[in-house]
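What follows is a single structure, written as structure tokens, with notes after it.
Not measured: the values here are computed from a predicted model.
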Amino acid sequence: MFYYCIECKRIFSDFEKCTYCSSSNIKKLSLNSPVNVIGSKIKGRVLKIKDDNIRLLYVDEHKNKLIKEFSHDKLRKIL
């Protein structure tokens, strides 16, 4: 189960508060939520959540639909 912070938009697994900015304004990350990979231009949607990784469905620059798995600490929620 993953959550994201309303203020810094980072994704984490702790339910009580954000591990990055210590805010208590958090929401549950659901399937089909738009996310961004930090440090790249990849934007996609959450396809599947398993263990410590999140599988994304995204479209590359050649209009190909790809599925790739990322660690939750490399993702940021798009509002």
Just jot down the ring pair (Phe, Tyr, Trp, His ring centres under 6.0 Å) partners of Y58, sequence neighbours excluded, or say none.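 Ring pair (Phe, Tyr, Trp, His ring centres under 6.0 Å) check on Y58 returns nothing, list empty.
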Compare all side-chain heavy atoms of K68 with those of L56 and state whether any distance is below 4.5 angstrom.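 No, every pair of side-chain atoms sits at 4.5 Å or beyond.
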With a 4.5 Å limit on heavy-atom distance, are the side chains of C18 and C8 in contact?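 When only atoms from C-beta onward are counted, C8 and C18 do touch, with a gap below 4.5 Å.
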Other than Y20, which residues form its hydrophobic cluster under the rule that side-chain heavy atoms must be closer than 4.5 Å?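 Members other than Y20 - counting any ILVMFWY side chain reachable under 4.5 Å - are M1, Y3, F12, F15, I26.
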Who else is in the cluster with L57 when I, L, V, M, F, W and Y are joined by side-chain contacts under 4.5 Å?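 So far as hydrophobic clustering goes, L57 is joined with L47, I67.
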Pairs touching residues 32-43 that satisfy side chain to side chain donor-acceptor pair (under 3.5 Å), sequence neighbours left out: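 Pairs touching residues 32-43 that pass the test: S30-S33.
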Applying the 4.5 Å side-chain criterion to the ILVMFWY set and letting contacts propagate, would V37 and V59 be lumped into a single cluster?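 No, it is not one cluster - the side chains of V37 and V59 are not joined through contacts under 4.5 Å.
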Could you pull out all donor-acceptor pairs under 3.5 Å where a side-chain atom in residues 71-79 meets a protein atom, sequence neighbours excluded?
unit_1	atom_1	unit_2	atom_2	d
S71	OG	D73	OD1	2.6
H72	NE2	D52	OD1	3.2

Checking D60 side chain against H62 main chain: does a donor-acceptor pair fall under 3.5 Å?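 At least one qualifying donor-acceptor pair exists.
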With R45 via salt bridge (charged side-chain N to carboxylate O under 4.0 Å, His left out) - residues at least two apart: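 Partners of R45 by the salt bridge (charged side-chain N to carboxylate O under 4.0 Å, His left out) criterion come out as none, since no residue qualifies.
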Approximate separation, where rounding is to 0.5 Å, of [X] [atom1] and [Y] [atom2]:
{"X": "E69", "Y": "I49", "atom1": "CD", "atom2": "CD1", "result": "11.5 Å"}
{"X": "L29", "Y": "Y4", "atom1": "CG", "atom2": "OH", "result": "7.5 Å"}
{"X": "E7", "Y": "S22", "atom1": "CD", "atom2": "OG", "result": "10.0 Å"}
{"X": "F70", "Y": "N53", "atom1": "CZ", "atom2": "CG", "result": "10.5 Å"}

